Amino acid sequence: MLGKNYIVKSSKGHIKDLPKSRLAIDIENNFKPEYILVKGKANLKNELVKLASSASKILLASDPDREGEAIAWHLADVLGINLKNKCRIRFYEITSNAVKSAVKNPDYIDLNKVDAQQARRILDRLVGYTLSPLLWKKIRYGLSAGRVQSVALNLICEREREILKFIPDPYWNITAHANFENNNYDLRAEKLDDKTLLKNGLPLLINTQEKANEILNEIKNNLLIVDEFKSRESIHTAPAPFRTSTLQQEASRKLNMIPKITMSIAQQLYEGLNISGKHTGLITYMRTDSQRISNEALNSCREFIKNNFAPEYLPNEANIYTKKINLKIQDAHEAIRPTNINLTPEILRDKLTPEQFKLYELIWRRFVACQMSQAVSSKLILKVKAGRVGLKQEGEKLIFDGWSKLWPLDLKGNELKEISEGRELNLKNVDSEKKFTNPPSRYSEARLIKTLEENGVGRPSTYATIAGTLESRGYIEKNDEKRFYPTGLGLTVDEFLAKYFNRKDLSSIVDAGFTAQMEKELDEIEEAKLKWLDVVGEFWKEFHNTLNEAEGAEKVKLPDPEPIGEKCPECGKDLIKKRGRFGEFIACTGYPDCKYTRPILDAIGVKCPKCGEGEIIKRKSKKGRTFYGCSRYPECDYTSWNRPAGEKCPECGAELFRKGSTVYCEKCKYKNQEYNSDE
């Protein structure tokens, strides 16, 4: 892009950092950090220094965020660059225009942003390198805690405690199935004696068999007369373009892609590839809180819509999105979008890997949709009376698809055929279904990220790794629905941390509100409203006092290993579940005299689609990612990241996969959402 007069070299991330082997923060000397050359980068450093010595100018083009600013700052130190020189360039997409424009307009290294990164790094080091040894002494060697991960663990543990305390209550759903002129209706009982059964916006539970019978008899012994049919137009504004958290959430929901993989693939799309003989980045920078779109990108997108869709799909003015975040960041970053709207997913299909294509298509569709006209639907409500009972059915029909032509809109209920007031419906039958209230749902990875973001905890760069860190520590696991639950170890660690470090003061690292306040203060350091030393010093004063108090705590007893109800085949003693570096396994209680162990084969009840003999079992990769393989490995090498459904696609015959209660085909895109699991 820049031509032969430029040499472009990579520092491959940080060239200097805190050493891993010790705290390396001089607390007594204003928390001075001790930065050293990153291990293994001596040759790279020498190469960069040699090239810099013969260059007329050096430009630092690391990522346009706090971490990137710190990398540039360390490089300036290593290469002897005067911080008063304009040596810093920032671009938010790797395209020829963006890069050349940045080179023409170099800036200073933003030392406020460096201070914010340094404060975050020092805070995390102080917490991690002082709290972890405390956990080793009080619970078990090798444990760890962190400023953000401990909040995430607490959310998961608190949810599990709510579930364990939850007592289900019975209730009855009563539905009258009726028809009129070949149109079917399913009406739910909503009122009795003209007293609404609504409370706080939710249906009041019909919680006794007697009340259910009373309503059933009233429906059966009276005519079903239409009381009201009304429709109300509903406007659906276009969804905002992606920022980091929403990209991770939608990739998880729509593509079954974990955040860590999402960010890895997004990095590849950002760095780009060769398209028609020219290297180009395909998306803008993917670590951003912003929903801003540049005027150039807006105009390009609107022109694309104008040329490829009917006139009614282009609104009179561009859709503008704002979010209450740091205005300085908002002004610099853009939302995540394609760098060239004319590079449609279909054009790039054969140039991308399947995963790259899926993520690019998701980003491209979301961006184009965000600039399309509003979708319009009609909300339909049918109210019917049967004696003293009022019944209701709601539906929705799409009037104009607008943006939902590219980004599907979830309609609530099916379309209802209009019926006049006073008409009599023909009752076919009435159902009374006894059910039980459900406990709160466990967190999925997408929901956890959304909750952390809503509470102001963490930043775009941290969301992707939080759950993976907790899983690798053995604090949490995923069930078959890919929702998190804490292990006994996780609950034990959380209880200890909550007891000493959730006191609503400056040491409350388990409290989401406190951690969010810390994030706000880091933003204020970047805006030059606070000094990093004041923030770190104030935190350490309270945190250190709490640490000293916790040092006097008694050692915590870990939960007993879980017996599996089997005897050891070698010595006859009980077998238990144990946790090791790579997850749980079966071991003998006779250890160390008996060293019998075996892996836990988590079968999902599906025969191997490749060999037909083995069972499909759930496994964990070395990086902690769940995959599925044949129990006869290595004789059969079948593996899949997606959960096999044990069925063939009725349309193309390919293997079907399962996500929750949906089975789908990757080959022909067949999907059946009515699939019922036995689990």
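These numbers were taken from a predicted model, which means no experiment stands behind them.
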Using atom types as modelled and distance alone, determine if a side-chain donor or acceptor of Tyr360 lies under 3.5 Å from a backbone N or O of Arg349. no
Please work out whether the ring planes of Trp407 and Phe242 are parallel, tilted or perpendicular, with thresholds of 30° and 60°. perpendicular
Could you tell me whether Lys450 atom NZ has more than 12 heavy atoms of other residues or ligands within 6.0 Å of it? no
Expected output: side-chain Glu519 to main-chain Ala516 donor-acceptor under 3.5 Å: no
What distance separates Ile449 CD1 from Gln248 CD, expressed to the nearest 0.5 Å? 4.0 Å
Interatomic distance, CD1@Ile604 vs CD1@Ile617, rounded to 0.5 Å, equals 10.0 Å
Show your reasoning for whether salt bridge (Lys or Arg N to Asp or Glu O under 4.0 Å) applies to Lys435 and Asp169. CA-CA 8 Å; Lys435 304 189 83 173; Asp169 290 319; over 6 Å; no
Given the ring of Tyr443, does Arg159 sit roughly above its face, with NZ or CZ under 6.0 Å from the centre of the six-membered ring and within 45° of the axis? yes
Is a donor on one side and an acceptor on the other found under 3.5 Å between the side chain of Thr487 and the backbone of Gly474? yes
Hey, are Glu158 and Arg161 close enough for a salt bridge, meaning a charged N less than 4.0 Å from a carboxylate O? yes
Please round to the nearest 0.5 Å and tell me the distance separating atom CG of Leu343 and atom NZ of Lys351. 9.0 Å
Just checking Asn43: does its CG atom have more than 12 heavy atoms from other residues, nucleotides or ligands closer to it than 6.0 angstrom? no
Treating Thr262 as the side-chain partner and Ile258 as the backbone partner, does any N or O pair qualify as donor plus acceptor under 3.5 Å? yes
List for me each residue that meets side chain to side chain donor-acceptor pair (under 3.5 Å) alongside Asp65, sequence neighbours excluded, and say none if there are none. Tyr285
By side-chain contact (heavy atoms from CB on, under 4.5 Å) - contacts of Lys165 (at least two apart): none
Lys12 atom NZ: more than 12 heavy-atom contacts under 6.0 Å: no
Could you label the plane-to-plane angle of the Trp641 and Phe627 rings as parallel, tilted or perpendicular, counting under 30° as parallel and over 60° as perpendicular? perpendicular
Arg125 to Tyr129, cation-pi by 6.0 Å centre distance and 45° axis angle: yes
Side chains of Glu346 and Thr344, donor plus acceptor under 3.5 Å: no
Judged by modelled atom types alone, do Lys482 and Asn256 share a side-chain donor-acceptor pair under 3.5 Å? yes
Nearest 0.5 Å please: distance from the NZ atom of Lys260 over to the CD1 atom of Ile466. 13.0 Å
Interatomic spacing from OH in Tyr485 to SG in Cys157 - rounded to 0.5 Å: 13.0 Å
